[in-house]
Amino acid sequence: MKNQIFHHLLENELRVDIDDEDLSVLITEHIFTDRATRAEAARRLFEDYKFKAVMFAPQEYLSLIGRARKNGIVVNVGHTYSSVVPIWNDFNVLRDKAVVCPVGGQDVTQALELLLNQNRNHYNVFPYYKNRKINKDRRVLDPNRILVEHIKEKLAYVVEDYENELSKSEVLYDWELPDGSVVKLGRELYQCTECLFNPELFGIENTPGLISAINHVTDSLEEPIRTDLVKRAMPVIITGSCSMLPGLIKRVTVGVKRRYPDIEVIAKDEREILAWIGGYRLAEFGRHFFTTVEEYRAHGPIAVHNKCF
């Protein structure tokens, strides 16, 4: 399966010329990628695809470089999961302090599908989600996914005080479907995003919300890292596609500053592609972080592990 994935990405999507004699590749990896998985990926890239140099880096690390920082708590709110990763002392990734939450943009989409059926009785529009709860694997596709995803991207938002918002009068929006019919949308537009902060509301158990995860990581940091945090030398950097939801940055900022008033929260407009920016910078200016094929042949996978962040 992994070989098929590499084949599809390199040859079908990127259209890499594997006969090129000077190919290098930067691979992003999950923050908790194990050594065996990385070693196998390196073997395929060096031996099957004949790359001359390979580098592995977690997405959170690349986002930090994308912001031109050396220290920071990177909060990545992505499509399939969210993570909070502290990086300190010139790019030292503190994996033992990191937290990964299996909640992301796809859960917001599925929560919206669920709420539309429960709150509006839109069974004719979303027939596959009647009486449904969020699946454990959350990977089911159905004909309505693109439609609901589009509604989420256009209208969903995050509120600062969820309980207070529920007590207010509901504001309804008209949304025209592709067939010309119109549906009413209201509270579900912010209720669906609450799964990022209170996953248990949607049956996602034993998973901290975004602010709880950030506070857990910051509380676990020791001196002198904590001092850098308070002195604004170690900011919270928000990144990821799902972080673009309106209201999310304010909700996170207020929640974090409630415990750490002096902490700096950075969330720039380009945060959706911050890892791409960092990847470009690292590949262009960090050539010494690549493992060459000569190093791999001489030392094996350990050569790759020694250059990982």
Side-chain angles (χ1 to χ4, degrees), residues 59-60 63 66-67 73-85 99-116 118-120 126 129 134 138 144-166 168 170-173 175 183 185-204 207-215 217 235-258 265-277:
Q59 184 171 326
E60 295 82 3
S63 295
R67 280 264 26 98
I73 298 176
V74 180
V75 180
N76 175 42
V77 193
H79 179 65
T80 57
Y81 69 90
S82 302
S83 60
V84 183
V85 180
V99 171
V100 174
C101 310
V103 182
Q106 67 178 4
D107 298 281
V108 176
T109 301
Q110 193 161 346
L112 180 56
E113 293 167 334
L114 176 67
L115 290 163
L116 286 171
Q118 290 181 341
N119 298 356
R120 305 291 167 196
F126 310 103
Y129 283 84
I134 287 182
R138 304 179 311 285
N144 295 314
R145 177 57 56 90
I146 296 177
L147 174 60
V148 180
E149 187 84 20
H150 188 59
I151 294 174
K152 179 192 76 173
E153 292 175 355
K154 293 294 184 181
L155 296 177
Y157 61 99
V158 176
V159 294
E160 184 177 336
D161 188 331
Y162 182 68
E163 295 299 331
N164 182 57
E165 199 68 26
L166 284 176
K168 298 179 181 179
E170 184 176 24
V171 178
L172 294 175
Y173 302 87
W175 180 263
V183 295
L185 304 172
R187 288 194 177 97
E188 49 273 313
L189 297 176
Y190 67 82
Q191 286 179 309
C192 65
T193 63
E194 195 64 18
C195 68
L196 298 171
F197 301 92
N198 291 293
E200 68 277 2
L201 292 179
F202 294 88
I204 306 174
T207 298
L210 203 53
I211 294 174
S212 296
I214 298 171
N215 287 336
V217 170
V236 171
I237 298 173
I238 303 177
T239 182
S241 58
C242 198
S243 71
M244 304 303 291
L245 282 167
L248 184 141
I249 301 304
K250 183 177 181 181
R251 173 84 172 262
V252 171
T253 301
V254 170
V256 171
K257 285 183 174 289
R258 188 174 290 123
V265 178
I266 299 176
K268 300 297 184 179
D269 292 343
E270 70 274 14
R271 61 186 180 275
E272 185 176 12
I273 58 170
L274 207 52
W276 288 95
I277 297 172

Student: Taking all non-hydrogen atoms of both residues, which atom of C101 and which atom of T207 are closest, and how far apart?
Tutor: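 Between these two residues, the closest heavy atoms are CB-CG2, 4.0 Å.
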
Student: Looking only at heavy atoms, which two atoms of S82 and L210 are closest? And how far apart?
Tutor: CB-CD1, 4.0 Å

Student: Restricting to non-hydrogen atoms, name the atom on V100 and the atom on S83 that form the minimum distance, rounded to 0.1 Å.
Tutor: CG2-CB, 4.1 Å

Student: Once you round to the nearest 0.5 Å, how far does CG of L248 lie from SG of C242?
Tutor: 7.0 Å

Student: For E200, give me all partners under salt bridge (charged side-chain N to carboxylate O under 4.0 Å, His left out), at least two apart in sequence or on another chain.
Tutor: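 Checked E200 against salt bridge (charged side-chain N to carboxylate O under 4.0 Å, His left out); zero matches.
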
Student: Measure the spacing between CG of L189 and CD of E170 and express it to the nearest 0.5 Å.
Tutor: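 So the gap between those two atoms works out to 9.0 Å.
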
Student: Looking at A111 and F202, what are the two nearest heavy atoms and their distance?
Tutor: CB-CE2, 3.6 Å

Student: Any chance you could measure I266, atom CD1, to I73, atom CD1, to the nearest 0.5 Å?
Tutor: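 Those atoms lie 11.5 Å apart.
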
Student: Indicate the atoms forming the closest heavy-atom contact of P208 with P199, along with that distance.
Tutor: O-CG, 3.9 Å

Student: Is any side-chain heavy atom of V74 less than 4.5 Å from a side-chain heavy atom of L274?
Tutor: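 Answer no - side chains too far apart.
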
Student: For A267, check side-chain contact (heavy atoms from CB on, under 4.5 Å) against everything at least two apart and list the hits.
Tutor: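 Result, side-chain contact (heavy atoms from CB on, under 4.5 Å) vs A267: I238, I249, R271.
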
Student: For residues 146-157, which residue pairs qualify under salt bridge (Lys or Arg N to Asp or Glu O under 4.0 Å), counting only residues two or more places apart or in two chains?
Tutor: E149-K152

Student: Once you round to the nearest 0.5 Å, how far does CD1 of I237 lie from OG of S243?
Tutor: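 Here the interatomic distance stands at 12.5 Å.
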
Student: Looking only at heavy atoms, what is the nearest atom pair of A156 and L245, with distance?
Tutor: O-CD2, 3.9 Å

Student: Can you list the residues that meet the side-chain contact (heavy atoms from CB on, under 4.5 Å) rule with V256, with sequence neighbours excluded?
Tutor: I214, V252, I263

Student: Please identify each residue that fulfils side-chain contact (heavy atoms from CB on, under 4.5 Å) with D269, with sequence neighbours left out.
Tutor: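 Per chain and number, D269 pairs via side-chain contact (heavy atoms from CB on, under 4.5 Å) with no residue.
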
Student: Which pairs count as salt bridge (Lys or Arg N to Asp or Glu O under 4.0 Å) when at least one residue sits in residues 243-257, sequence neighbours excluded?
Tutor: E160-K250, E194-R251

Student: Y157: which residues meet the ring pair (Phe, Tyr, Trp, His ring centres under 6.0 Å) condition with it, sequence neighbours left out?
Tutor: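 In terms of ring pair (Phe, Tyr, Trp, His ring centres under 6.0 Å), with neighbours along the sequence ignored, Y157 is linked to Y190.
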
Student: Taking salt bridge (charged side-chain N to carboxylate O under 4.0 Å, His left out) as the test, write out the residues that go with E272, two or more places apart.
Tutor: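 For E272 there are no salt bridge (charged side-chain N to carboxylate O under 4.0 Å, His left out) partners, ignoring immediate neighbours.
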
Student: Check the pair F197, V158 against side chain to side chain contact (heavy atoms under 4.5 Å, CB included), reporting the backbone distance first and the verdict last.
Tutor: CA-CA 10 Å; F197 301 92; V158 176; 3.6 Å; yes

Student: What distance separates I211 CD1 from N198 CG, expressed to the nearest 0.5 Å?
Tutor: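 The distance works out to 9.0 Å.
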
Student: Report the C-alpha separation of L116 and L185 in whole Å, then their side-chain angles, then the decisive distance to 0.1 Å, and conclude whether the side chain to side chain contact (heavy atoms under 4.5 Å, CB included) test is met.
Tutor: CA-CA 8 Å; L116 286 171; L185 304 172; 3.2 Å; yes

Student: Can you name the residues that form a ring pair (Phe, Tyr, Trp, His ring centres under 6.0 Å) with H79, not counting sequence neighbours?
Tutor: none

Student: Does any non-hydrogen side-chain atom of C195 lie less than 4.5 Å from one of L201?
Tutor: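 Result no, sub-4.5 Å side-chain heavy-atom pair not found.
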
Student: Which is it for V85 and N76 under the side chain to side chain contact (heavy atoms under 4.5 Å, CB included) test, yes or no, and what are the steps along the way?
Tutor: CA-CA 8 Å; V85 180; N76 175 42; over 6 Å; no

Student: Who passes side-chain contact (heavy atoms from CB on, under 4.5 Å) against A275, sequence neighbours left out?
Tutor: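 Counting only residues at least two positions away or on another chain, A275 forms a side-chain contact (heavy atoms from CB on, under 4.5 Å) with Q59, L62, S63.
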
Student: Do side-chain atoms of D107 reach the backbone of G104 as a donor and acceptor pair under 3.5 angstrom?
Tutor: yes

Student: Are there over 12 heavy-atom neighbours, none belonging to W276, within less than 6.0 Å of that residue's CH2?
Tutor: no

Student: Give the intermediate values and the outcome of side chain to side chain contact (heavy atoms under 4.5 Å, CB included) for residues L166 and Q191.
Tutor: CA-CA 9 Å; L166 284 176; Q191 286 179 309; 3.6 Å; yes

Student: Report the residues that fulfil ring pair (Phe, Tyr, Trp, His ring centres under 6.0 Å) with Y81, sequence neighbours left out, ordered by chain and then residue number.
Tutor: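 Here the qualifying residues are H30.
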
Student: Output the distance between atom CD (E270) and atom OG1 (T239), rounded to the nearest 0.5 Å.
Tutor: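 So the gap between those two atoms works out to 9.0 Å.
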
